[in-house]
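Accompanying notes for the structure given below.
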Protein chains: 2
Amino acid sequence: MDRTDHHILNELSQNSRITMKELGEKVHLTGQAASDRVAKLEENGVIEGYSVNVNNAKMGYPVHVFLHIIIHTAHKPYLSFIETQQPYIMNNYRISGDGCYLLECKFPSHEYVDTFLKSLQEHANYKLSIVINK
Amino acid sequence: MDRTDHHILNELSQNSRITMKELGEKVHLTGQAASDRVAKLEENGVIEGYSVNVNNAKMGYPVHVFLHIIIHTAHKPYLSFIETQQPYIMNNYRISGDGCYLLECKFPSHEYVDTFLKSLQEHANYKLSIVINK
DNA sequence: CGACTTTACTTGAAAAATGTAAGGAAGGGG
DNA sequence: CCCCTTCCTTACATTTTTCAAGTAAAGTCG
């Protein structure tokens with residue numbers, strides 16, 4: 001994990017579909033050498049995968065929210081519930097504090113948020129934060 | 001944005017470095033057709049970019065936290081401060097509520113969190129949530 | 001010191017993927 | 001019916017990747 005590896009990770013974080021040849025040029029290596037280093041970063045588990053950044057608004061999910069969840073009773077009903085809400089759930093983080101989660105979601109409109117919260121209410125207490133900007 | 005486009009985005013979200021030929025096979029198209037569709041998704045702004053998933057723990061940042069920020073006075077000191085904290089900041093979301101942000105950070109250890117919070121204290125009030133699991 | 005191994009890189013050729021161009025089939029509208 | 005557009009395919013030239021040697025520097029150990 002030297003400077004060049006950091007440079008490589010930085011380039012890949014900006015565009016992971018870059019060719020190894022181009023990546024090599026950016027970090028002053030041949031395509032081979034760059035490719036070898038990337039392979040090693042993958043083997044070591046430093047690189048876990050490659051993904052795409054999708055514009056959620058254009059996909060029909062313009063509303064982005066975080067929900068601070070507090071559950072005093074069993075967690076299972078909550079966890080089962082969010083599994084049924086697949087398209088809306090982005091991340092469910094277990095956080096410090098008893099029975100606490102931070103739930104990141106996307107919705108087509110505020111009406112959908114409302115509907116979701118009505119169902120969520122049956123399994124957990126929550127505090128809603130709507131994302132205005134990044 | 002038909003079923004095939006959704007299928008393409010799903011495949012790319014799992015592995016954006018897949019070849020167009022392979023992607024085509026997965027969605028029952030030729031490599032060209034897949035490539036054309038991806039190009040169109042990029043033009044339309046549905047695809048905003050391609051990135052890499054890095055294991056933060058292996059990069060020396062095993063501690064992952066969210067900070068709920070509330071600022072009653074000017075925001076600028078806070079915003080300037082977090083710009084100086086580059087390596088630790090993952091995301092700074094502007095959220096609903098006056099003077100509120102949700103700040104996502106990574107740290108090498110709890111000591112670093114402590115040091116960071118001591119400085120943050122000078123610009124804003126916060127509530128700390130440490131991520132245990134995803 | 002000197003022989004051996006390892007690591008990181010380069011080069012060149014073969015194999016694979018991509019980009020380009022031309023063309024065909026399906027659907028819509030005048 | 002004809003024309004146009006969209007979406008896809010095929011074929012081929014170009015580019016990239018992969019594979020196989022090979023070099024050079026650095027570390028190991030008798």
Side-chain angles (χ1 to χ4, degrees), chain A residues 1-62 86-88 90 106-109, chain B residues 1-62 86-88 90 106-109:
Chain A
M1 282 299 312
D2 58 8
R3 189 165 309 179
T4 303
D5 282 336
H6 280 88
H7 195 170
I8 284 173
L9 291 174
N10 186 44
E11 290 297 335
L12 287 177
S13 74
Q14 287 172 57
N15 175 19
S16 64
R17 278 196 66 82
I18 192 174
T19 65
M20 287 300 122
K21 200 183 174 221
E22 270 186 89
L23 178 61
E25 281 163 19
K26 296 214 182 208
V27 304
H28 313 296
L29 289 174
T30 59
Q32 300 309 337
S35 178
D36 288 353
R37 273 176 180 263
V38 170
K40 216 161 269 179
L41 289 169
E42 289 171 0
E43 278 166 32
N44 296 344
V46 173
I47 291 177
E48 296 183 328
Y50 304 94
S51 67
V52 64
N53 304 125
V54 171
N55 183 321
N56 282 320
K58 298 210 174 175
M59 288 293 288
Y61 297 96
Q86 214 56 41
Y88 309 132
M90 298 171 72
K106 61 187 183 198
F107 295 101
S109 71
Chain B
M1 282 300 309
D2 58 6
R3 188 166 309 178
T4 303
D5 282 336
H6 279 89
H7 195 170
I8 285 173
L9 291 174
N10 186 45
E11 290 298 334
L12 288 176
S13 75
Q14 288 173 56
N15 175 19
S16 64
R17 278 195 67 82
I18 192 173
T19 65
M20 287 300 124
K21 201 185 173 219
E22 268 186 272
L23 178 60
E25 281 164 20
K26 296 215 183 208
V27 304
H28 312 297
L29 289 174
T30 59
Q32 273 64 5
S35 179
D36 288 352
R37 273 175 180 262
V38 169
K40 215 162 269 179
L41 289 168
E42 289 172 358
E43 279 166 30
N44 296 345
V46 173
I47 291 177
E48 296 182 328
Y50 303 95
S51 67
V52 64
N53 304 123
V54 171
N55 184 320
N56 281 321
K58 297 209 173 173
M59 289 293 288
Y61 297 97
Q86 214 57 39
Y88 309 132
M90 297 171 71
K106 60 187 185 200
F107 295 100
S109 71

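Every chain is numbered from 1 and lettered A, B, ... according to where its sequence line falls, protein lines coming before strand lines. This structure is a prediction, so every number in the text was calculated from the model and none was measured.
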Measure the distance from [atom1] on [X] to [atom2] on [N] and round it to the nearest whole Å.
X	N	atom1	atom2	answer
B:Met20	C:dG19	CE	P	8 Å
A:Leu23	D:dT16	CG	P	13 Å
A:Ile18	C:dT18	CD1	C1'	16 Å
B:Met1	D:dC7	CE	C1'	16 Å
A:Lys21	D:dT18	NZ	P	15 Å
A:Arg3	C:dA8	CZ	P	17 Å
A:Asp5	C:dT7	CG	P	15 Å

Taking C-beta and beyond as the side chain, do A:His7 and A:Glu11 meet within less than 4.5 Å on heavy atoms?
->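 Yes, close enough: below the 4.5 Å cut-off.
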Rounded to the nearest 0.5 Å, how far apart are [atom1] of [X] and [atom2] of [Y]?
X	Y	atom1	atom2	answer
B:Ile47	B:Leu9	CD1	CG	5.5 Å
A:Leu41	B:Asn55	CG	CG	11.5 Å
A:Arg17	B:Leu12	CZ	CG	6.5 Å
B:Gln32	B:Lys21	CD	NZ	10.5 Å

Interface with DNA chain C, restricted to residues 6-15 of chain A and to heavy atoms under 4.0 Å | none
Here the residues of residues 29-46 of chain B within 4.0 Å heavy-atom distance, strictly under, of DNA chain C are B:Gln32, B:Ser35
Quick check: closest heavy atoms across [X] and [Y], and the distance to 0.1 Å?
X	Y	result
A:Tyr50	B:Asn53	N-OD1, 3.9 Å
B:Asp2	B:Asp5	OD1-N, 3.0 Å
A:Ser51	A:Ser16	O-OG, 4.0 Å

